[in-house]
J.: 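Dropping a structure here in structure tokens format, bear with me for questions.
Because the structure is predicted, anything quoted here is derived from the model rather than measured.
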Amino acid sequence: LGRNHVERRTRKTAVCGQRTETPPKKWVNSWKMADAGLKHTSHYERLSADSARKILEFCKDMDLEMLITDPSRVATGDGSMDAYERLCQEYGVKIALTNHPKPNPYWNPDLVLEDCRGRSRWIGASADFGHFMRGGFAPMDVVKKYMDAGRMYQFHFRDVNELGHEGHDVPLGEGTAEIRGILTELHRRKVKPLFSIEYESNFDEPLVDLVPSVKFFNDVCGELLAKE
């Protein structure tokens with residue numbers, strides 16, 4: 001695929017045939033990823049009052065730029081966004097609030113923006129087009145909202161054949177997510193989020209979606225850069 005940055009999900013990792021919740025500092029990164037020429041750039045895990053410090057410490061130890069997360073929305077106390085923001089500042093790791101289907105805390109992009117409003121640069125937004133489109137939200141509208149607020153930090157990037165709960169994933173550029181238009185708008189406004197191309201519909205043959213998606217992404221980005 002020609003890509004060397006990856007996002008991992010949760011800290012549970014197979015080590016010597018056993019499950020360990022917290023891998024030894026940077027050992028897993030150097031053994032599994034650096035040796036394969038990969039960089040662990042971002043990480044998904046759901047924050048909670050009990051786990052937040054441990055998760056953000058893990059992200060710092062792994063030299064991660066960003067944690068992708070969708071914690072329960074708590075007004076005050078250790079599980080609140082105020083508490084998470086303080087921990088982000090302490091550990092030097094940004095968090096991007098991501099969406100999953102309703103009743104997930106951030107199924108609606110307006111809820112993401114509500115919890116980002118008035119906060120420091122440590123708190124931003126992640127957009128998963130698959131979940132948004134199946135929830136009835138047009139990706140271009142969401143991206144523009146997030147950009148207008150200065151919170152467009154990360155994508156779980158994919159295309160979907162139609163807007164609505166019946167939509168299914170298709171390679172980038174073959175659906176109705178306006179991928180070319182979104183990349184053009186990001187480039188025009190000089191917004192540079194992290195991109196994770198994510199396809200979950202075909203675990204046995206993921207390259208069926210990933211290969212044409214990476215080609216489309218590279219082609220469009222190359223066209224945009226050539227016009228500068």
J.: Quick one: do Arg180 and Glu223 make a salt bridge, cutoff under 4.0 Å?
T.: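 Yes, this pair counts.
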J.: To check you understand the geometry: which heavy-atom pair defines the closest contact between Gly79 and Val74, and what is its length?
T.: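 Closest approach of Gly79 to Val74, heavy atoms only: O-CB, 3.3 Å.
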J.: Can you confirm if the aromatic rings of His156 and Tyr44 lie within a centre distance of less than 6.0 Å?
T.: no
J.: State, without any angle test, whether Glu162 and His168 hold a side-chain donor-acceptor pair at a distance under 3.5 Å.
T.: no
J.: Indicate if Leu56 and Ile123 have the same hydrophobic cluster label, given that clusters are the connected sets of ILVMFWY residues with side-chain heavy-atom separations under 4.5 angstrom.
T.: yes
J.: May I ask you to say whether Asp219 pairs ionically with Lys215, meaning some side-chain N is under 4.0 Å from a carboxylate O?
T.: yes
J.: Side chain to side chain contact (heavy atoms under 4.5 Å, CB included), that's the test. Do Ser72 and Ser48 meet it? Break it down for me.
T.: CA-CA 7 Å; Ser72 297; Ser48 69; over 6 Å; no
J.: I'd like to know if Arg86 pairs up with Asp78 as an ion pair, taking the criterion as any Lys NZ or Arg NE/NH1/NH2 lying under 4.0 Å from an Asp or Glu carboxylate oxygen.
T.: no
J.: May I have the step-by-step check of side chain to side chain contact (heavy atoms under 4.5 Å, CB included) for Phe155 and Val143, ending in yes or no?
T.: CA-CA 10 Å; Phe155 287 106; Val143 172; 3.6 Å; yes
J.: Are Phe217 and Phe195 an aromatic pair, judged by ring center distance below 6.0 Å?
T.: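 Aromatic pair counts; centres sit under 6.0 Å.
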J.: Decide, yes or no, whether a salt bridge links Asp209 with Arg158 under the criterion of side-chain N to carboxylate O below 4.0 Å.
T.: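 A salt bridge is absent here (no side-chain N lies under 4.0 Å from a carboxylate O).
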J.: Can any side-chain N or O of Asp70 pair as donor or acceptor with the backbone N or O of Leu97 at less than 3.5 Å?
T.: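 Side chain of Asp70 to backbone of Leu97, a donor-acceptor pair under 3.5 Å: no, none is there.
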J.: Test Arg134 against Asp169 for salt bridge (Lys or Arg N to Asp or Glu O under 4.0 Å), laying out the working first.
T.: CA-CA 10 Å; Arg134 282 184 279 273; Asp169 293 352; 3.1 Å; yes
J.: Is Glu57 salt-bridged to Arg53, going by a charged N under 4.0 Å from an acidic O?
T.: no
J.: Look at the aromatic rings of Trp107 and Phe137 and report parallel, tilted or perpendicular, splitting at 30° and 60°.
T.: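 Geometry flag for Phe137 against Trp107: tilted rings.
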J.: Kindly indicate whether a cation-pi arrangement holds for Lys94 with Trp122, taking the cut-offs as under 6.0 Å to the six-membered ring centre and within 45° of the axis.
T.: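 No; the conditions do not both hold, so Lys94 does not lie above the ring face of Trp122.
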J.: Between His43 and Glu45, do the side chains contain a donor N or O and an acceptor N or O under 3.5 Å apart?
T.: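 Judged by distance alone, the side chains do pair up.
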J.: Looking at Arg117 and Glu114, does any basic side-chain N land under 4.0 Å from a carboxylate oxygen?
T.: no
J.: Under the criterion side chain to side chain contact (heavy atoms under 4.5 Å, CB included), I'd like the reasoning laid out for Met81 against Ile95: C-alpha separation, chi angles, the key distance, then a yes or no.
T.: CA-CA 10 Å; Met81 198 54 60; Ile95 66 173; 4.1 Å; yes
